[in-house]
Chemist: 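One structure, as structure tokens, below. Some questions next.
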Protein chains: 2
Amino acid sequence: MIYSTELIKGTLKTIVLKMLEDNKKMYGYEITQRVKELTSDKIQLTEGALYPTLHALEAEGLLTTEIEYIGKRVRKYYSLSPNGKTKSKERVNELAEFMDTMKFLLDIKTKLA
Amino acid sequence: MIYSTELIKGTLKTIVLKMLEDNKKMYGYEITQRVKELTSDKIQLTEGALYPTLHALEAEGLLTTEIEYIGKRVRKYYSLSPNGKTKSKERVNELAEFMDTMKFLLDIKTKLA
DNA sequence: TTTAATACATCAGATTCTTATGTATCTTTG
DNA sequence: CAAAGATACATAAGAATCTGATGTATTAAA
């Protein structure tokens, strides 16, 4: 099952920050592949969503970039800035808490009086 | 902590369906209050988001409505249609699975070789 | 040699949410 | 009793974010 992209809305930035927290330095295409791999193809980030998000995070000062050439092909590596590291932890914590809350909400079986 | 509404994006329809699955019959304002109560104020649905969502679910044939008057004040009760019941279970399952996947993703500490 | 994979990017259109506004009734409180 | 707050519906402009398409270019595989 591939998750309806509706669900991924709102979590993309957090996913990106977390990937960079765990891997120091990644390029866009690599992030899509890593997430696909880690989720057994269940989360497939589209480039049309990812690249604008990376640009936005960079504009917010959370990411820094360095260009590398592999042969003639360009790669743009992203890393967390100091602010990005802080923000990443915040975001991941918030999302984890949110998911706990949602799990509770979805498991409610009894009607309250 | 009130969750940044960014996180709620994409989960609103599922929350509404689930509330109706558990309570048979609810009106809009009641849903906002129930969710607020169940989440200790952490998820606060706005009316500007909720009412259009209810209308959309009704247009999709997932909800049915009945009007009731409390004094002179109107109340619009929503219930799951047969299709709505099926859809609700699908959505809740998908969201539960998605959250498991996300938890896994957020807990990854080690870099893969 | 042509298809697929790698790697970047942009953009029109769709969807969905926020915030504000509007209407109206009922309850509480100073 | 008047004002404020709670109850209860609804719409709409603007913002944010994603989809799906399109574009360019290099490298690897079939």
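Proteins come first, then strands; the chains are lettered A, B, ... in the order of their sequence lines, and each starts at number 1. Keep in mind that what you see is a predicted model, and the values were worked out from it rather than measured.
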Chemist: Expressed as a whole number of angstroms, how long is the span from B:Glu68:CD to C:dT25:P?
Modeler: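 Result: 19 Å.
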Chemist: Rounding to an integer number of Å, can you tell me how far A:Leu57 CG sits from D:dA16 P?
Modeler: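 Going from A:Leu57 (CG) to D:dA16 (P), I get 15 Å.
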Chemist: Write down the distance between CG (B:Leu54) and P (C:dT16), rounded to a whole number of angstrom.
Modeler: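 About 14 Å, once rounded to whole Å.
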Chemist: Which residue lies toward the 5' end of DNA chain D, A:Thr53 or A:Lys72, if each is placed at its nearest nucleotide?
Modeler: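 This one resolves to A:Thr53.
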Chemist: Write down the distance between CD1 (A:Ile31) and P (C:dT6), rounded to a whole number of angstrom.
Modeler: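 From A:Ile31 CD1 to C:dT6 P: 15 Å.
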Chemist: Roughly, in whole Å, what's the span from CE in B:Met26 to C1' in D:dC9?
Modeler: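 Atom CE in B:Met26 sits about 16 Å away from atom C1' in D:dC9.
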Chemist: Scan A:Gly71 against the nucleic acid and name what it touches under 4.0 Å (heavy atoms): base, sugar-phosphate only, or nothing.
Modeler: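 Sugar-phosphate, backbone atoms only, no base.
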Chemist: Show me the protein contacts with nucleotides 1-8 of chain D, counting only N or O atoms at under 3.5 Å.
Modeler:
unit_1	atom_1	unit_2	atom_2	d
D:dT7	OP2	B:Tyr29	OH	2.2
D:dT7	O5'	B:Tyr29	OH	3.1
D:dT7	O2	B:Arg73	NH1	2.7
D:dA8	OP1	B:Arg75	NE	3.0
D:dA8	OP1	B:Arg75	NH2	2.6
D:dA8	OP2	B:Tyr27	OH	2.7

Chemist: In whole Å, I'd like the distance from the OH atom of A:Tyr69 to the C1' atom of D:dT26.
Modeler: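 It is 12 Å, rounded to the nearest whole Å.
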Chemist: Mind checking what makes side chain to side chain donor-acceptor pair (under 3.5 Å) contact with B:Glu58, not counting sequence neighbours?
Modeler: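 Testing B:Glu58 for side chain to side chain donor-acceptor pair (under 3.5 Å), a comparison that skips the adjacent residues, returns B:Thr65.
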Chemist: What is the separation between atom NE2 on A:His55 and atom C1' on D:dT17, rounded to the nearest whole Å?
Modeler: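 From A:His55 NE2 to D:dT17 C1': 15 Å.
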Chemist: Is there any salt bridge (Lys or Arg N to Asp or Glu O under 4.0 Å) pair reaching into residues 74-83 of chain B, and which pairs are they, with sequence neighbours excluded?
Modeler: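 Counting only pairs at least two positions apart or across chains, no salt bridge (Lys or Arg N to Asp or Glu O under 4.0 Å) contact touches residues 74-83 of chain B.
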Chemist: Check this for me, if you would: do A:Arg91 and A:Glu21 make a salt bridge, where the nitrogen-to-carboxylate-oxygen distance has to be below 4.0 angstrom?
Modeler: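 No, no charged N to carboxylate O under 4.0 Å.
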Chemist: Between D:dT19 atom C1' and A:Leu50 atom CG, what is the distance in whole Å?
Modeler: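 Going from A:Leu50 (CG) to D:dT19 (C1'), I get 14 Å.
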